[in-house]
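Read the structure below first, then the notes.
This chain uses plain numbering: 1 for the first residue, then up along the sequence. Both ligands and their constituent atoms are indexed starting at 1 by order of listing.
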Amino acid sequence: MPLADLAVVAGCAAGAALVAGAAGLGLLHLLRGRPVAVQLAVVAGATVLATVAGVVVITLMMMISEHDRNVALTVVLVAGLVGLGVSLLLGRRLTAANRVLVEAVRADPYRVPDRRLPAELAELARELAAAYDRLAAGRAREQALETSRRELVAWVSHDLRTPLAGLRAMAEALEDEVVADAETVHRYHHRIRIEADRLAGMVDDLFELARIHAGALRLSRQRVGLDDLVADAVAGVEPLARAGGVRITGAAAPGLPLEVDAAELGRALRNLVVNAIRHTPGDGTVEIRAEDAGDGMARVSVTDACGGIPEADLPRVFEVAFRGESARTPGGGAGLGLAIARGIVEAHAGEIGVANTGPGCRFVIRLPLAGG
Ligand SMILES: Nc1ncnc2c1ncn2[C@@H]1O[C@H](COP(=O)(O)OP(=O)(O)OP(=O)(O)O)[C@@H](O)[C@H]1O
Ligand SMILES: [Mg+2]
């Protein structure tokens, strides 16, 4: 065929294809919300239409005979039908894959479908799994917070009211002169002061915890030596240890620098050591050690002879208002000390943990060492 004729055929085919393509695009735009199978059928239809239009145009220009045109049209129509069939099949597969994904999303919990999906849907399935994990973690956090909030309200109403009722009863007895002998009056006064101090301590702890939970703990960091922190903690609890007949030893590697709020961290450490002394029987030993953990962190451990914490309680001791069996007695702890210690340590980008060891348990704090 001469080159000029070929150019004419190409031009006619392109013109017809453009018209059919534009019609197809318009139709696709109208059907954009319809199933993929329908849209694929439109693509197949547009392809057939473009070919048929091209054949018709060159027939009209009398470049091929009627016989040749019929042969060409038959071939095009058969090919078009096969194309349409393949498109519909692909559409059905996509619809089925989509249904699998929808069912996986509807199921709770979501599981990545084990069927092989087209690449795009498989990526969507993986992204959905990641989003579901984030959602589940958020929900768990929210639930834990809600539980601790509820426990705290229960704690406040019970643990603050009980000593207040006692205080009130003692004050009334003094006021009405129901107790008159000097020794009982003195005992009541003493008891009232002790209880008032304890309540003040609880309110102070509660306030600290509220600041930690609100993220309002303002740390005024300064450079301190870990050995000084340990020495202060030991000195502060010595009277308590002596009263309980508990030996207390402190050993700290010298010159480990920390950039911390010494008052807050001292409070966290004191909470651990006071617990250790309270739970160690007379003649037992509480050991505080501070050393370089070797990975840019300092490690402080408080080891006691408490007889071990029940395994089931170990993961819960840092929860707000959690108290072990022995502590759930009138006048016992409030269950805030370790929650506060954890809050303070985490505010310093540190970690706190506990494990049973030997005759007791060991609480460990890890804190980043100051650079330079
Ligand atoms: N050194 C320890 N040895 C054994 N059990 C401990 C020790 N430290 C904590 N526990 C257990 O963990 C619980 C929670 O401790 P936490 O310090 O938070 O509260 P508390 O000591 O009971 O009260 P608070 O510290 O508010 O006065 C305790 O009631 C106790 O059962
Ligand atoms: Mg405590």
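- Where the criterion is an N or O separation shorter than 3.5 Å, residue side chain and backbone included, Asp304 meets it with respect to ligand 1.
- Contact annotation: for Phe318 versus ligand 1, there are no heavy atoms closer than 4.0 Å.
- Looking at ligand 1, you'll find an N or O of Leu336 within less than 3.5 Å of one of its N or O atoms.
- Counting only heavy atoms from C-beta outward, the side chains of Pro257 and Leu369 approach each other to under 4.5 Å.
- Of all the heavy atoms of Cys306, the ones lying under 4.0 Å from any atom of ligand 1 belong exclusively to the side chain.
- Looking only at distances, a side-chain donor or acceptor of Gln39 sits under 3.5 Å from a matching main-chain atom of Arg34.
- Residues Glu208 and Arg267 are paired through a salt bridge, judged by an N-O separation under 4.0 Å between the basic side chain and the carboxylate.
- Ligand 1 has at least one atom lying under 4.0 Å from a heavy atom of Arg278.
- Side-chain N or O atoms of Arg366 include none that pairs as donor or acceptor with a backbone N or O of Glu351 at under 3.5 Å.
- Atom CD of residue Glu238 and atom CG of residue Leu240 lie 11.0 Å apart, to the nearest 0.5 angstrom.
- Aromatic ring orientation, Phe318 versus Phe363: perpendicular (interplanar angle above 60°, classes split at 30° and 60°).
- The Mg ion (ligand 2) lies under 2.8 Å from an N, O or S atom belonging to Asn275.
- Between the side chains of Thr184 and Asp181, at least one donor-acceptor pair of N or O atoms lies under 3.5 Å.
- A side-chain N or O of Arg32 and one of His29 form a donor-acceptor pair less than 3.5 Å apart.
- Proximity of Arg323 to ligand 1, defined as any heavy-atom pair under 4.0 Å, is shared by backbone and side chain alike.
- Near Gly335, meaning under 4.0 Å from one of its heavy atoms, ligand 1 places the atoms 18 (O), 19 (O), 20 (P), 22 (O), 23 (O), 24 (P), 26 (O).
- Selection from Asn356, Val302, Asn275 by nearest heavy atom to atom 17 (O) of ligand 1 gives Asn275.
- Residue contact check for ligand 1: Ile309 places a non-hydrogen atom closer than 4.0 Å to it.
- Residue contacts with ligand 1: Leu338 is placed with a nitrogen or oxygen under 3.5 Å of a nitrogen or oxygen of the ligand (distance criterion only).
- Between Cys361 and ligand 1, no pair of N/O atoms sits closer than 3.5 Å.
- Atoms of ligand 1 found under 4.0 Å from any heavy atom of Ala334, numbered from 1 in the order shown, are 23 (O), 24 (P), 26 (O), 27 (O).
- Looking at Leu272 next to ligand 1, no N or O pair under 3.5 Å apart turns up.
- Using modelled atom types, one side-chain atom of Asn271 and one backbone atom of Gly337 make a donor-acceptor pair closer than 3.5 Å.
- In summary, Arg193 and Glu195 do not engage in a salt bridge, as defined by a charged side-chain N under 4.0 Å from a carboxylate O.
- Listed by number with element, the atoms of ligand 1 under 4.0 angstrom from any heavy atom of Ala276 are 1 (N).
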